[in-house]
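Data first, discussion second: the structure below is written as structure tokens.
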Amino acid sequence: MRLATWNVNSVRTRVDRVTAFLERSGVDVLAIQETKCRDDQFPHLPFEAIGYEVAHVGHSQWNGVAVVSRVGIDDVQVGFDGMPSWSSKEGVEPAPEARAIGATCGGVRMWSLYVPNGRQLGDPHLAYKLEWLKALRTSAAGWLAEDGDAQIALTGDWNIAPQDDDVWDMAVFSHSTHVSPPERAAFAAVVDAGYADVVRPHTPGEFTYWDYTQLRFPRREGMRIDFQLCSPALAARVTGASIDRQERKGKGASDHAPVLVDLTD
DNA sequence: ATGTCGGGTGTTACCCGA
């Protein structure tokens with residue numbers, strides 16, 4: 001079985017590319033982030049036409065996450081227990097955002113996660129990001145406490161570069177989010193809860209994201225911020241992993257590349 | 001920050017978010 005995660009930066013703009021990727025890559029379960037649409041706007045038909053079912057949550061033009069599967073899609077859960085809310089502006093009641101959806105697909109509990117960006121050091125959005133990750137860690141630890149043999153994949157855009165070599169130049173990020181110690185500690189806490197980054201060992205020195213500006217992609221100036229973290233029982237099934245750099249090329253590319261994991265049957 | 005992308009709208013010019 002093959003799992004993938006991909007921040008597509010608008011599923012409506014990119015639907016042809018995403019379905020072509022599914023057909024080309026043989027991915028069985030795809031976690032999508034930044035669909036940037038409401039549920040009623042999600043393009044279900046092109047996915048169903050090639051044999052995939054969709055579970056999606058989207059409340060507005062922001063965020064939006066989905067799981068797409070051709071091996072079944074059961075027990076869909078929107079958000080996780082304790083997931084913090086966010087208010088886009090003063091005077092607006094905080095509400096849960098469309099940043100997490102889980103579904104069981106072919107025996108794997110697949111989560112599509114879009115971790116808050118954090119914006120800038122000192123911004124309230126960074127405090128929200130850290131709270132969000134702490135709550136995710138608590139929930140994810142609980143899932144393993146319930147069933148130590150559970151096959152769980154925490155996949156998506158984590159908006160964190162855990163190591164210095166996960167960005168092209170640390171000097172550029174000296175006053176930025178994504179590399180700050182609290183963010184890295186929040187990521188490490190999820191790993192410590194029992195979820196291993198199964199992709200890094202197979203993709204040394206590779207990036208998953210390149211900014212649209214400044215010719216970052218041709219200059220190979222990227223970041224590794226998209227991950228698949230797997231529970232012990234799932235990590236034991238991993239036979240390989242890759243980052244599909246090809247998908248960042250050409251007109252109409254997302255700024256993120258798909259991250260793939262192969263499992264034994 | 002923005003030499004770029006998305007989405008949106010009090011739309012054809014600007015807003016926000018990444």
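In what follows, every chain begins at residue 1, and chains take the letters A, B, ... in the order their sequences are listed. Owing to the predicted nature of the structure, the values given are computational and were not obtained by experimental measurement.
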Could you check how far [atom1] of [X] sits from [atom2] of [N], rounded to whole Å?
X        : N      : atom1 : atom2 : value
A:Asp211 : B:dA1  : CG    : P     : 13 Å
A:Leu126 : B:dA18 : CG    : C1'   : 15 Å
A:Asp255 : B:dA18 : CG    : P     : 12 Å
A:Phe217 : B:dT2  : CZ    : P     : 25 Å
A:Gln214 : B:dA18 : CD    : C1'   : 15 Å
A:Trp86  : B:dA18 : CH2   : C1'   : 14 Å
A:His59  : B:dG8  : NE2   : C1'   : 18 Å
A:Trp210 : B:dG6  : CH2   : C1'   : 19 Å

Any side-chain N or O of [X] under 4.0 Å from OP1/OP2 of [N]?
X        : N     : value
A:Gln120 : B:dA1 : yes
A:Arg14  : B:dG6 : yes
A:Thr13  : B:dG7 : yes
A:Arg12  : B:dG8 : yes

For nucleotides [N] and [M], find the distance between their [atom1] atoms and express it as a whole number of Å.
N      : M      : atom1 : value
B:dG3  : B:dG8  : C1'   : 24 Å
B:dT11 : B:dC16 : C1'   : 15 Å
B:dC15 : B:dG10 : C1'   : 11 Å
B:dA13 : B:dA1  : C1'   : 22 Å

Exercise. Using heavy atoms to find the nearest nucleotide of DNA chain B for A:His256 and A:Arg38 separately, return the residue whose nucleotide is more 5′.
Key: A:Arg38

Self-check item: Most 5' of A:Pro116 and A:Leu215 on DNA chain B, judged by nearest nucleotide
Solution: A:Leu215

Closest to the [X] side chain: [options]?
X        : options               : value
A:Arg216 : B:dA1, B:dT4, B:dG8   : B:dA1
A:Gln41  : B:dG3, B:dA18, B:dG8  : B:dG8
A:Arg219 : B:dG3, B:dG17, B:dA18 : B:dG3
A:His125 : B:dC5, B:dG8, B:dA18  : B:dA18
A:Trp62  : B:dG8, B:dG6, B:dG3   : B:dG6
A:Ser10  : B:dA18, B:dG6, B:dG3  : B:dG6

Self-check item: Donor-acceptor side-chain pairing of A:Asn9 and A:Lys36 below 3.5 angstrom
Solution: yes

Quiz item: Do A:Asp262 and A:Arg2 sit within salt-bridge range, that is, some charged N less than 4.0 Å from a carboxylate O?
Solution: yes

Self-check item: A:Arg200 and A:Asp166 ion-paired at < 4.0 Å
Solution: yes

Exercise. Would you check, one step at a time, whether the test side chain to side chain donor-acceptor pair (under 3.5 Å) holds for A:Gln33 with A:Ser112?
Key: CA-CA 7 Å; A:Gln33 300 85 41; A:Ser112 179; 3.1 Å; yes

Self-check item: Donor-acceptor pair (no angle test) under 3.5 Å: A:Thr213 side chain, B:dT2 base
Solution: yes

Self-check item: Neighbour count >12 (heavy atoms, 6.0 Å) for atom CG, A:Asp81
Solution: no

Quiz item: Should we count CG of A:Asp40 as having more than 12 external heavy atoms under 6.0 Å?
Solution: yes

